[in-house]
> 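Can you keep this structure in mind? I'll have questions shortly.
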There are 4 protein chains.
Amino acid sequence: MNETRRMPIFNAAMKVFAEKGFARATVNEIAKHAGIAKGTIYNNYKSKKKLFLALLEEGIDRLEAAVSREVARKDTILDKLEALISAQLSFFEEYRDYCKVLLSEVWGLGHRWEEQVQRLQLGYFQTIQELLEKGQAEGVICRDLETETTAAAIFGAVGVAALNRFVFAREYKYNRILQTLKQFLLNGVAK
Amino acid sequence: MNETRRMPIFNAAMKVFAEKGFARATVNEIAKHAGIAKGTIYNNYKSKKKLFLALLEEGIDRLEAAVSREVARKDTILDKLEALISAQLSFFEEYRDYCKVLLSEVWGLGHRWEEQVQRLQLGYFQTIQELLEKGQAEGVICRDLETETTAAAIFGAVGVAALNRFVFAREYKYNRILQTLKQFLLNGVAK
Amino acid sequence: MNETRRMPIFNAAMKVFAEKGFARATVNEIAKHAGIAKGTIYNNYKSKKKLFLALLEEGIDRLEAAVSREVARKDTILDKLEALISAQLSFFEEYRDYCKVLLSEVWGLGHRWEEQVQRLQLGYFQTIQELLEKGQAEGVICRDLETETTAAAIFGAVGVAALNRFVFAREYKYNRILQTLKQFLLNGVAK
Amino acid sequence: MNETRRMPIFNAAMKVFAEKGFARATVNEIAKHAGIAKGTIYNNYKSKKKLFLALLEEGIDRLEAAVSREVARKDTILDKLEALISAQLSFFEEYRDYCKVLLSEVWGLGHRWEEQVQRLQLGYFQTIQELLEKGQAEGVICRDLETETTAAAIFGAVGVAALNRFVFAREYKYNRILQTLKQFLLNGVAK
DNA sequence: GATGAATGAGCTTTCATTCAT
DNA sequence: GATGAATGAAAGCTCATTCAT
């Protein structure tokens, strides 16, 4: 369980899973990308599935950490929400591959993966949801909004917008997208 | 290519693909769900992939049709947008399985699927985007918003909110979710 | 067992078996070539294999008949042998497809097919062999030759020469080939 | 691609292909004959077809090599021809299975197999043909013979005679057959 | 620990055959 | 008799996993 051995596997796995999805990715291909032999992967992860789950956990941990850090830096709820959006987008920007894996395998088919991961999913949603509820208590967030739905919607909006850009976009201007998302999520589309 | 024969296959396939995803779904299982033999599937669809693509096409067609119809009934842009959100949510409500398939397989891993489908994907986004642009021209939609990103964000918000409810929710109140989404997407979270 | 029904099946089967071989030929394709439905084939032949065997029997019957007729017309052994070569070549010329089927499926893998067919194979060889033996008795055929081997060799020489021309030849001059074969088989290559 | 691993596969494949033909032979059966698992075959040959083609190539290479060697040892054209017949027969004697495969699959249905193999087929014929032409130039081979046809006929005579003996013969006397074939091919049947 | 050849369960797909219409 | 949709056995091939080196 040497950590220096695990790192290249981790990165290679991320790339291959992102490209092919869980089922079509082969352990062999991951090993080749990592420049090691197939057996070595099994010395570090019990199975392909366990490797995948480790990826997911680690990724969600990083996402939560990044978002928490940025959110903690701000004082008002609205600033915190902006920071959250910005942090999520920037995380997806940095880990494009992971973004694909996350949206397609986990949010898409939540029940396929272990409880363990589902808890993590809910964990991240909870963070958003709590922020919204605190905002409603303070009177800066609209009280009409049902917070669980809104939390999911925010995640979905940022995630799909980001993903759309990776997959299809002719040009990708990070700042323009960030600005649009902030504006959109805080104030809606209506003038 | 009897249509009465294709219908049960279609439905069974939708269910199984939604449950397992494309790769883990087996043709055998789809056949069993449809109460027919494996070979019969191949009498109606050339391959597992073709069956899947037929599902996607048909689904996107229905989604576009449902949305177009509702949108056309309204006069102002804001009403049209509300109608769009409502139609998309209600479509996902009616075709829960399809919602899962769409978000996980297609938006998640767009490039894995044929051009043919990508065009359809873009098609639906375009509808939203054009509505937004017309709104900006009329002055009812905020001009700061970059429309392509916003269109993706709207789709993602509605989709993930709906999906979240199917997969995790303890209670599912359609009207509450719809109201929340409309409020959120039109006016944002800020009070 | 209508004979008028069987004829088109027979012809279509011959063509398809010759093109694809027994295993790769499909009953469906034969039916399509014959302009009838698949089920109709099974009304006339119990199985694909039975159809194939019927083809072989019929073919060998015709070959034997054609050869016997020509051989019977001649008086001397050497004339009879010439007639045999000529009749076999001209039969292969007329039934090219059959020639392919015969050489590849039957002589190639004799034991794969039923006794029934093996008897027919031996039957035709026997005809040649008996002619040779009568010739040896009369003193016009070289006595050093072991007749069973020679019979097979004659059949093989004519068959492969004919087949080679169908499959590869740039130009196909029937008379030139016939003349060469006669000369070769009767007098050998040596001057 | 360990050569020691490929050898048993090669031998098992030869046996099974000879017994069943290409289409009816199953990879599983070949594996069982070789005493290994199905997957191991695919570690060594990309597909069943590739395995078969490898067999053909290797076989034709060996045949050509054996024949060339024997032919080169002789000085006169007639001796070379005798050597060729003898070498071909003895090759077929040694590799009975290969003889069956070659005659049934390749000469029988030449067009089904790749160019690659067709070139090899033509290659071997060419060798015979050139020998005949040189003989005609020297005046020891009858000038009336069209050499392409004759080459095919020689191959067919030796091949079918050999095959006939493997498949049907009650007794198999190599020397008697060889003597008969030499006599027959050089001087014909006529006394 | 690292390797990669060997394994065999499990998948997609084909197609001879049946049988209700 | 003719039809062709339905069937499911059987085949080729992939790939996660194991394990001897």
Side-chain angles (χ1 to χ4, degrees), chain A residues 1-2 4-5 9 22-32 34-52, chain B residues 1-2 4-6 9 22-32 34-51, chain C residues 1-2 4-5 9 22-32 34-52, chain D residues 1-2 4-6 9 22-32 34-51:
Chain A
M1 296 295 187
N2 190 334
T4 33
R5 194 41 100 186
I9 297 177
F22 177 76
R24 284 164 45 108
T26 72
V27 175
N28 217 356
E29 197 179 353
I30 294 173
K32 287 236 168 74
I36 57 175
K38 197 167 23 170
T40 307
I41 296 205
Y42 284 88
N43 285 339
N44 287 272
Y45 296 91
K46 268 209 149 181
S47 70
K48 182 187 175 189
K49 192 170 184 176
K50 283 281 182 10
L51 167 58
F52 185 69
Chain B
M1 302 295 181
N2 190 334
T4 33
R5 186 46 85 192
R6 281 171 96 116
I9 296 176
F22 177 77
R24 284 165 45 107
T26 72
V27 175
N28 219 351
E29 197 180 353
I30 294 173
K32 290 235 165 81
I36 57 175
K38 199 172 16 174
T40 306
I41 302 241
Y42 286 90
N43 285 342
N44 287 275
Y45 297 91
K46 280 208 153 178
S47 69
K48 182 187 174 186
K49 191 171 184 177
K50 283 278 180 23
L51 168 56
Chain C
M1 298 295 186
N2 191 335
T4 34
R5 192 43 98 187
I9 297 176
F22 178 76
R24 283 165 45 109
T26 73
V27 175
N28 216 359
E29 196 179 355
I30 294 172
K32 288 234 166 79
I36 58 173
K38 196 168 23 172
T40 307
I41 295 204
Y42 284 88
N43 286 338
N44 288 274
Y45 297 91
K46 269 208 151 183
S47 69
K48 182 188 174 187
K49 191 169 185 177
K50 284 280 183 8
L51 167 57
F52 184 70
Chain D
M1 302 298 182
N2 190 335
T4 33
R5 188 44 87 192
R6 280 170 98 118
I9 296 177
F22 178 76
R24 281 166 45 108
T26 72
V27 175
N28 221 349
E29 197 179 354
I30 295 172
K32 290 236 166 79
I36 57 174
K38 193 171 25 171
T40 305
I41 303 240
Y42 285 92
N43 284 341
N44 287 274
Y45 297 91
K46 278 209 154 175
S47 69
K48 183 187 173 186
K49 191 171 183 178
K50 284 276 180 20
L51 168 57

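This one's a predicted model, so the numbers in the text were calculated from it and none came from an experiment. All values below were derived from every heavy atom in this structure, side-chain atoms included, with hydrogens, water molecules and symmetry-related copies excluded. A, B, ... follow the sequence lines: proteins, then strands. Residue 1 opens every chain.
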> Hey, which of these two, A37(C) or V27(D), hits DNA chain F nearer its 5' end, going by closest nucleotide?
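Looking at the nearest nucleotide for each, A37(C) comes out on the 5' side.
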> Which heavy atom in I41(C) sits nearest to a heavy atom in I9(C), and how many Å separate them?
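Heavy-atom minimum between the residues: CA-CD1, 4.1 Å.
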> Return whichever of S47(B) or T26(C) has its heavy-atom-nearest nucleotide of DNA chain E closer to the 5' end.
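Result: S47(B).
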> Just call it for A25(B): base, sugar-phosphate, or nothing, with non-hydrogen atoms closer than 4.0 Å on any strand.
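The answer is sugar-phosphate, as A25(B) gets under 4.0 Å only of primed atoms, P, OP1 or OP2.
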> Taking all non-hydrogen atoms of both residues, which atom of R6(D) and which atom of N44(D) are closest, and how far apart?
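Smallest interatomic distance, heavy atoms only, reads NH1-O, 3.2 Å.
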> Quickly work out the N44(B) CG to dG4(F) C1' distance and round it to whole Å.
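Distance, rounded to whole Å: 12 Å.
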> Given dA16(E), dT3(F), dA2(F), which nucleotide is nearest the side-chain atoms of I36(C)?
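My answer, after comparing the listed nucleotides, is dT3(F).
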> If you compare every side-chain N and O of N43(A) against the phosphate oxygens of dA2(E) (OP1, OP2), does one of them come in below 4.0 Å?
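So the side-chain polar atoms of N43(A) do come within 4.0 Å of the phosphate oxygens OP1 or OP2 of dA2(E), strictly under.
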> Can you tell me the base-pairing partner of dC19(F)? Count Watson-Crick or G-U wobble geometry only, both distances below 3.5 Å, and say none if there is no partner.
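Its partner is dG4(E).
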> If you define the side chain from C-beta out and look only at heavy atoms, does anything of L51(C) sit under 4.5 Å from I30(C)?
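Side-chain contact under 4.5 Å: yes.
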> Looking only at heavy atoms, what is the nearest atom pair of K48(B) and A23(B), with distance?
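Closest pair (atom of K48(B), atom of A23(B), distance): NZ-O, 3.5 Å.
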> Heavy-atom nearest nucleotide on DNA chain E for K38(D) versus I41(D): which residue maps closer to 5'?
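Residue closer to the 5' terminus by nearest nucleotide: I41(D).
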> Is T40(C) close enough to dT3(F) that one of its side-chain N or O atoms is under 4.0 Å from OP1 or OP2 there?
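True: T40(C) side-chain N/O within range (under 4.0 Å) of dT3(F) OP1/OP2.
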